[in-house]
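To keep things clear, I will list the structure first and then write my remarks on it.
Lettering follows sequence order; numbering is per chain, from 1.
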Amino acid sequence: MSNDFDNVYEDLQWRNAIAEATPGAQEVLSREKVTCYIGFDPTAKSLHIGNLVPIMGLVRMQRHGHTPIAIVGGGTGMIGDPSGRSEERQLLTLEQIDENVAGIQRQLESFLDFSPSLPNRAQVINNADWLRKVSLIEFLRDVGKHFTVNTMLSRESVRTRMDRDVGISFTEFSYQLLQAYDFLRLFEEQNCTFQMGGSDQWGNILGGVDLIRRIHGGAQQAASASEQRTASKMQPAELPAHALAYPLITTSTGEKFGKSIGGAPTLDPDQTSPYRLYQFFFNVADADAVPYLKLFTMLSRERIEALQEAVETAPGEREAQLTLAAEMTSAVHGDRGLDEARRVTHALFSGDLRKLSATELRGALTEASHGMVRPADLHNGITLASAVTVHGGGMVSSASELRRLVAQGAIKINGNVETDPLRPLTDADFIDNQVMVVQRGKKSHDLIWLEPDQR
RNA sequence: GCAGGGGUUGGGGAGUGGUUAAACCCGGCAGACUGUAAAUCUGUUGCCUAUGGCUUCGCAGGUUCGAAUCCUGCCCCCUGCACCA
């Protein structure tokens with residue numbers, strides 16, 4: 001597949017994965033095999049789908065023969081990047097960070113090839129290795145000396161915070177130095193000459209590029225990366241280190257990618273089931289399907305172009321969405337995850353709930369919340385409303401809400417539209433005398449179990 | 001610190017004594033149409049033992065038959081100015 005393109009740069013470019021690049025980046029990538037890195041913030045214990053762009057960036061680099069390094073920010077995470085934040089961050093504890101780092105590391109390992117035999121094997125490095133050790137004096141002399149406060153203050157992320165009365169702490173203000181320092185260390189110790197990141201990180205990234213240029217010069221005449229950007233006419237002397245930034249992904253309607261189902265789906269099966277991940281990508285709008293295939297999958301250019309054709313000629317088949325969903329689910333959760341996702345999808349959208357046994361329902365509706373009623377409740381004439389709101393799994397939060405949903409025909413009990421929220425339940429409402437399936441709209445389910453009679 | 005402005009239901013933002021559970025927009029949810037899409041249209045969007053009741057408009061009191069709307073105190077925010085650096 002990598003022979004679709006002569007080099008990663010062209011590959012990434014075709015996939016619209018490049019928003020910014022340092023001058024000369026493309027030439028370097030087409031000429032030599034480099035070591036590159038991307039940083040991941042340990043703000044949560046799982047990566048989410050928003051991280052897929054950088055992850056796939058590293059994967060593509062590796063496929064093209066470059067050596068990828070994923071930095072997990074066990075050190076920078078202790079400070080917090082002010083970019084895109086209107087308020088000071090809550091500092092995470094050391095334990096939280098280390099736990100998050102471990103979780104992220106595990107997830108990265110399923111994407112990148114870490115085989116020791118591989119000459120360009122991937123590495124995960126925790127920047128805590130050096131950031132938690134470096135001494136303040138050393139840091140200020142070696143790194144701080146190369147930055148002017150004037151430049152640091154002009155940073156967008158800093159300015160927006162300065163304009164607000166909450167201000168910005170010195171801690172977060174220093175963040176840009178730390179990220180630059182990371183790059184410097186990797187440059188010196190791993191011969192890492194490339195950094196990639198989101199375009200929102202571009203300022204921080206250039207900080208590192210410039211720091212390396214100042215210390216390791218190369219061509220003395222090399223203007224700073226930022227200067228070269230503005231004066232790109234002149235033939236630039238080669239920079240010792242380079243960077244690429246990918247664009248921030250939005251949907252075709254301009255929403256932030258991944259916002260739909262209450263927060264971005266994560267890559268952790270305990271938080272976001274394979275089914276939900278599958279559904280997320282399956283439900284992508286036509287206009288987004290091909291862009292996402294390009295960005296997130298390893299499918300060949302030929303294949304993607306064929307799918308693009310399919311979207312145009314037979315959008316109703318949703319071949320692109322199906323492929324996207326399958327690719328993503330198996331990439332994140334493996335073939336077993338994909339099987340599960342498909343099985344649940346089939347049960348929910350093509351199957352007949354009433355034909356399934358209680359056991360099958362439990363297996364199929366892994367997404368459902370769960371509730372429980374006792375036989376005694378039944379004898380006392382418990383109403384449907386009470387069962388769903390009080391004893392249910394929390395899918396409907398109040399009786400008023402249930403009333404409205406019922407009035408709109410949105411509630412189905414065991415597959416049948418319900419009309420009376422106040423009717424008492426009977427044994428007949430429980431499939432196999434065990435479980436009642438409450439469905440809200442098309443996509444959410446609540447299983448209410450009848451507690452086995454213990455006499 | 002001084003002067004002025006303001007805190008309303010998820011967000012924005014009306015409302016300055018009485019059909020105000022509170023306009024309107026966005027968002028959310030659901031329905032229709034479709035392709036489990038987008039767009040569009042429709043309904044809905046505080047809670048409840050429901051032709052009624054209860055609780056909401058920064059917090060706590062007070063005036064009044066009646067307050068989100070008036071008074072008092074407190075908390076928080078914004079805008080000018082000053083002070084410090």
Side-chain angles (χ1 to χ4, degrees), chain A residues 86-88 149 160-167 170 250-263 265 273-293 307-308 310-326 328-329 341-353 364-365 367-369 377 380-390 392 394-413 415-424 438-446:
Chain A
S86 54
E87 285 175 9
E88 187 83 8
V149 170
T160 55
R161 288 279 290 278
M162 303 246 304
D163 290 345
R164 303 177 136 249
D165 66 312
V166 284
F170 182 72
T250 54
T251 67
S252 54
T253 47
E255 291 164 319
K256 216 187 247 175
F257 174 67
K259 282 274 289 175
S260 66
I261 335 173
S273 72
Y275 163 77
R276 231 173 83 193
L277 189 75
Y278 183 89
Q279 285 289 322
F280 175 83
F281 283 107
F282 180 70
N283 280 316
V284 145
D286 290 358
D288 291 323
V290 169
Y292 289 177
L293 281 164
L307 288 167
Q308 173 149 29
V311 172
E312 282 156 18
T313 56
E317 297 302 312
R318 288 168 296 164
E319 199 182 332
Q321 282 93 332
L322 279 166
T323 310
L324 178 66
M328 299 322 296
T329 310
R342 281 183 167 146
R343 200 185 70 237
V344 177
T345 294
H346 180 78
L348 261 45
F349 292 99
S350 344
D352 182 349
L353 289 179
L365 294 169
E367 270 314 292
S369 47
D377 296 329
N380 294 336
I382 186 174
T383 60
L384 181 64
S386 165
V388 173
T389 57
V390 181
M395 184 179 69
V396 179
S397 57
S398 74
S400 298
E401 188 180 7
L402 181 71
R403 198 181 304 273
R404 284 192 292 269
L405 289 166
V406 165
Q408 299 182 118
I411 296 292
K412 287 182 189 160
I413 300 297
N416 299 320
V417 176
E418 182 58 51
T419 52
D420 178 13
L422 292 178
R423 65 165 244 258
V438 185
Q439 190 177 345
R440 168 187 177 156
K442 293 188 186 78
K443 293 171 188 172
S444 27
H445 298 78
D446 192 22

Provide, to the nearest angstrom, the distance between the [atom1] atom belonging to [X] and the [atom2] atom belonging to [N].
{"X": "Tyr292(A)", "N": "rA37(B)", "atom1": "OH", "atom2": "P", "result": "16 Å"}
{"X": "Glu401(A)", "N": "rU9(B)", "atom1": "CD", "atom2": "C1'", "result": "16 Å"}
{"X": "Leu422(A)", "N": "rC48(B)", "atom1": "CG", "atom2": "P", "result": "12 Å"}
{"X": "Asp288(A)", "N": "rA37(B)", "atom1": "CG", "atom2": "P", "result": "14 Å"}
{"X": "Leu293(A)", "N": "rA37(B)", "atom1": "CG", "atom2": "C1'", "result": "14 Å"}
{"X": "Leu402(A)", "N": "rG46(B)", "atom1": "CG", "atom2": "P", "result": "16 Å"}
{"X": "Leu405(A)", "N": "rU42(B)", "atom1": "CG", "atom2": "P", "result": "20 Å"}
{"X": "His346(A)", "N": "rU36(B)", "atom1": "NE2", "atom2": "P", "result": "14 Å"}

Distance between [atom1] atoms of [N] and [M] (Å, rounded):
{"N": "rA38(B)", "M": "rA32(B)", "atom1": "C1'", "answer": "16 Å"}
{"N": "rU69(B)", "M": "rU19(B)", "atom1": "P", "answer": "14 Å"}
{"N": "rU56(B)", "M": "rU9(B)", "atom1": "C1'", "answer": "8 Å"}
{"N": "rU72(B)", "M": "rG4(B)", "atom1": "P", "answer": "14 Å"}
{"N": "rU64(B)", "M": "rC25(B)", "atom1": "P", "answer": "40 Å"}
{"N": "rA21(B)", "M": "rC48(B)", "atom1": "C1'", "answer": "14 Å"}
{"N": "rC57(B)", "M": "rG52(B)", "atom1": "P", "answer": "24 Å"}
{"N": "rC33(B)", "M": "rG43(B)", "atom1": "C1'", "answer": "15 Å"}

**Message:** Tell me whether the ring of Phe282(A) lies stacked over the rU36(B) base, given a 5.5 Å limit on centroids and a 30° limit on the plane angle.
**Reply:** no
Check every strand shown and say whether [X] touches a base, only sugar-phosphate, or nothing at a heavy-atom separation below 4.0 Å.
{"X": "Gln321(A)", "result": "base"}
{"X": "Arg318(A)", "result": "base"}
{"X": "Ser398(A)", "result": "sugar-phosphate"}
{"X": "Arg403(A)", "result": "base"}
{"X": "Ala287(A)", "result": "nothing"}

**Asked** Can you tell me how far CZ of Arg440(A) sits from OG of Ser369(A), rounded to the nearest 0.5 angstrom?
**Response** 10.5 Å
With both distances kept under 3.5 Å, what pairs with [N], Watson-Crick or G-U wobble?
{"N": "rG27(B)", "answer": "rU45(B)"}
{"N": "rA21(B)", "answer": "none"}
{"N": "rG4(B)", "answer": "rC78(B)"}
{"N": "rC70(B)", "answer": "rG62(B)"}
{"N": "rA32(B)", "answer": "rU40(B)"}
{"N": "rC83(B)", "answer": "none"}
{"N": "rU55(B)", "answer": "none"}

Side-chain heavy-atom pair [X], [Y] within 4.5 angstrom cut-off:
{"X": "Asp420(A)", "Y": "Val406(A)", "result": "no"}
{"X": "Leu307(A)", "Y": "Glu319(A)", "result": "yes"}
{"X": "Leu277(A)", "Y": "Phe282(A)", "result": "no"}

**Glu401(A) (side chain) donor-acceptor with Ser397(A) (main chain) under 3.5 angstrom** = yes
Mind listing the closest non-hydrogen atom pair of [X] and [Y] along with its distance?
{"X": "Thr419(A)", "Y": "Pro421(A)", "result": "O-CD, 3.6 Å"}
{"X": "Pro265(A)", "Y": "Phe280(A)", "result": "CG-CD1, 3.8 Å"}
{"X": "Ala289(A)", "Y": "Val284(A)", "result": "N-CG1, 3.6 Å"}

**Prompt:** Within less than 4.0 Å of OP1 or OP2 of rA37(B), is there a side-chain N or O belonging to Lys442(A)?
**Reply:** no
**Prompt:** What about Gln279(A), does its side chain sit under 3.5 Å from the base of rU36(B) through a donor-acceptor pair?
**Reply:** yes
**Request:** For Ala399(A) and for Arg404(A), find the nucleotide of RNA chain B with the closest heavy atom, then tell me which residue's nucleotide is more 5'.
**Result:** Arg404(A)
**Fill in**
Quick note, Pro315(A) side chain, CB onward, closest among rC47(B), rG35(B), rA37(B) is rG35(B)
**Given rU36(B), rA38(B), rC29(B), the nucleotide with the shortest approach to the side chain of Arg440(A)** = rC29(B)
